[in-house]
2 protein chains.
Amino acid sequence: MPATPVLMTAKPAGPRKRRRRLLSEEGILDAALALIDETGELTMSALAARLGSTASSIYHHISGRPAIIEALRDRITREIPHVHEGEEWTSELGRMMRAYRDAFARHSRLIPLVTAQTLTAEGPAIAYEHIVRLLSAAGFPDRELLLWVSVIDNFVLGCAFDLAAPEDVWRREGKDTPALDAAVAASLTGAERADAAFDLGCEALLVGMRARLAAENSPQ
Amino acid sequence: MPATPVLMTAKPAGPRKRRRRLLSEEGILDAALALIDETGELTMSALAARLGSTASSIYHHISGRPAIIEALRDRITREIPHVHEGEEWTSELGRMMRAYRDAFARHSRLIPLVTAQTLTAEGPAIAYEHIVRLLSAAGFPDRELLLWVSVIDNFVLGCAFDLAAPEDVWRREGKDTPALDAAVAASLTGAERADAAFDLGCEALLVGMRARLAAENSPQ
DNA sequence: ACCTGAACACCGTTCAAGT
DNA sequence: ACCTGAACACCGTTCAAGT
């Protein structure tokens, strides 16, 4: 992860002694993501300090803080791999959901920043496109396709948030919540809990979806 | 919704002419929620203006902006009704999930503010307590109880976020996403889409949970 | 073309001074 | 006990001045 810009040798017939540009959009995004991963925050001055520059310099490469966050959303969601055809649709969808969630899980502190502003990046739409194709091929009716995309997106987003929350949200001094406290004591903790919850919910959702599809395609 | 403090008549033998306090915690929270519902933002100065007071005055009643947001989370989640026993557990859980989601749906612009800070309010724990009891009585093993609470919480939170998003997130000029664009055109829009997605996902989740429970309790 | 310090409008919060 | 203006430290962003 080169947070500092790459210094290149001068181009063959280029103007000599011309200092290479200090900043680039890619370098700014690298530094911003690293900063968010480490601190959970993104301020322009902290970002500039990490880049060895000043806050105002950044604006020559990107329009502002919201654009940086949106570009990071785009970058993260484009990591979601394509569907490879020819597999049972539920296992393929399960694989996509896991990849979608893992992409955000790797940068969980980015999530509150991303969900605080309106989605304009294209990355998520690419993932949605694949999910729509998969569901359509599986036999879901056209009018339901976007609904299922919403269901999947909502669940995955919620799980990503879950992973970003500090552990001691559950480990509280219980006041009149004995059943909850006992459940906390009997459960996995931390990332293991969040992972297991995702697996369980994902499986339940897929079973429910298959049942729905079967009911729709059977002669009523 | 009385955003302005109630003016009471002087107490029997109390000190006369003592002006009634201008602010109260309850009045501050009422005004803050109304402000968030209307603008989607919460600044101390805007809040003070709505209360006919000054920003610094607010700090005599509540510790600061995070405390206001947390108190609102508490207030909203305490609206979730209790479970009434004696019903089939899936329909009862479905009713709770709907109530949980509706509580946030009524104030969807609060959600990004609430999810930007760590949960400390007690309200959610009360709702979790009821869900744990319900699932335990239904027959789920102790080690799974908190996992299912997580699943439900994640899905409901994601759906609440979905409802807060502007409509034109889906109505984009499609670039190489023909299947998605067709799905958008064939689907419900706006709150109707979000509602239908919640219903569909909720039903699928409950079907999947029932199947899981049956598999666990049957002799393998 | 790119960088920079200074300035701007705006935050949340603190505090001494009032009643 | 409660309220207030002024001040503080900190934001994101703009802009004229530099190279």
Side-chain angles (χ1 to χ4, degrees), chain A residues 3-8 10-11 13-29 31-32 35-36 39-72 110 112-114 116-118, chain B residues 3-8 10-11 13-29 31-32 35-36 39-72 110 112-114 116-118:
Chain A
T4 50
V6 181
L7 289 177
M8 303 178 65
K11 290 190 300 178
R16 298 265 297 134
K17 288 241 178 82
R18 196 84 174 80
R19 194 180 43 173
R20 199 82 183 90
R21 68 208 195 322
L22 285 179
L23 301 178
S24 68
E25 179 166 335
E26 202 181 346
I28 290 168
L29 296 180
L35 189 62
I36 292 167
T39 69
E41 289 172 1
L42 176 66
T43 71
M44 299 304 277
S45 56
L47 178 57
R50 178 179 273 263
L51 289 164
S53 182
T54 66
S56 53
S57 300
I58 296 170
Y59 290 82
H60 288 99
H61 298 88
I62 196 159
S63 70
R65 200 185 97 111
I68 294 175
I69 293 172
E70 204 56 25
L72 290 178
L110 173 63
L113 306 190
V114 141
Q117 66 187 41
T118 300
Chain B
T4 49
V6 181
L7 288 177
M8 302 178 65
K11 289 191 302 179
R16 298 266 296 135
K17 288 236 178 88
R18 196 88 175 76
R19 194 178 45 175
R20 201 84 184 89
R21 68 210 195 319
L22 285 178
L23 302 178
S24 67
E25 179 167 336
E26 200 181 346
I28 290 169
L29 296 180
L35 189 62
I36 291 167
T39 70
E41 291 174 359
L42 176 65
T43 71
M44 299 303 278
S45 57
L47 178 56
R50 176 180 274 263
L51 289 164
S53 181
T54 67
S56 52
S57 300
I58 296 170
Y59 290 82
H60 288 99
H61 298 88
I62 197 159
S63 70
R65 200 184 96 112
I68 294 174
I69 293 171
E70 204 58 25
L72 290 179
L110 173 64
L113 306 190
V114 142
Q117 67 187 42
T118 300

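A note on names: the letters A, B, ... follow the listed sequences, proteins ahead of strands, and every chain is numbered from 1. None of the values given here were measured: they were computed from a predicted structure.
- For B:M44, the listed nucleotide lying nearest its side chain is C:dT13; candidates were D:dC3, D:dT13, C:dT13.
- For DNA chain C, if you chain together Watson-Crick or G-U pairs that step i with j, i+1 with j-1 and so on, the runs of at least three with distances under 3.5 Å are C:4-8 with D:12-16, C:12-16 with D:4-8.
- Atoms CD1 (B:I28) and C1' (D:dC2) sit 12 Å apart, rounded to a whole Å.
- Residues meeting the side chain to side chain contact (heavy atoms under 4.5 Å, CB included) test with B:A49, sequence neighbours left out: none.
- Proximity of residues 52-63 of chain A to DNA chain D (heavy atom under 4.0 angstrom from any strand atom) is restricted to A:A55, A:S56, A:Y59.
- When each of C:dG12, D:dC11, D:dC3 is scored by its nearest atom to the side-chain atoms of B:T43, the top-ranked nucleotide is C:dG12.
- Residues passing the side-chain hydrogen bond (donor to acceptor under 3.5 Å, both in side chains) test with B:Q117 are B:E70, sequence neighbours excluded.
- Here B:L47 lies out of heavy-atom contact (under 4.0 Å) with every strand.
- Residues passing the side chain to side chain contact (heavy atoms under 4.5 Å, CB included) test with A:T54 are A:S56, A:S57, sequence neighbours excluded.
- Checked against D:dT13, C:dC11, C:dC3, the side chain of A:R65 finds its nearest nucleotide in D:dT13.
- Applying the salt bridge (Lys or Arg N to Asp or Glu O under 4.0 Å) test to pairs two or more places apart or on separate chains, none has a residue in residues 52-62 of chain A.
- Applying the side chain to side chain contact (heavy atoms under 4.5 Å, CB included) criterion to B:S63, with sequence neighbours excluded, gives B:A67.
- For the pair B:E41 CD and C:dC10 P, the interatomic distance rounds to 12 Å; values are reported in whole Å.
- The CG atom of A:L110 sits 5.5 Å away from the CG atom of A:L72 when rounded to the nearest 0.5 Å.
- Taking atom CG of B:L23 as the reference point, atom P of C:dT19 lies 19 Å away to the nearest angstrom.
- For A:A46, the side chain to side chain contact (heavy atoms under 4.5 Å, CB included) criterion is met by A:L35, A:T43, not counting sequence neighbours.
- Between the CD atom in B:E26 and the CD1 atom in B:I62 there is a gap of 11.5 Å [rounded to 0.5 Å].
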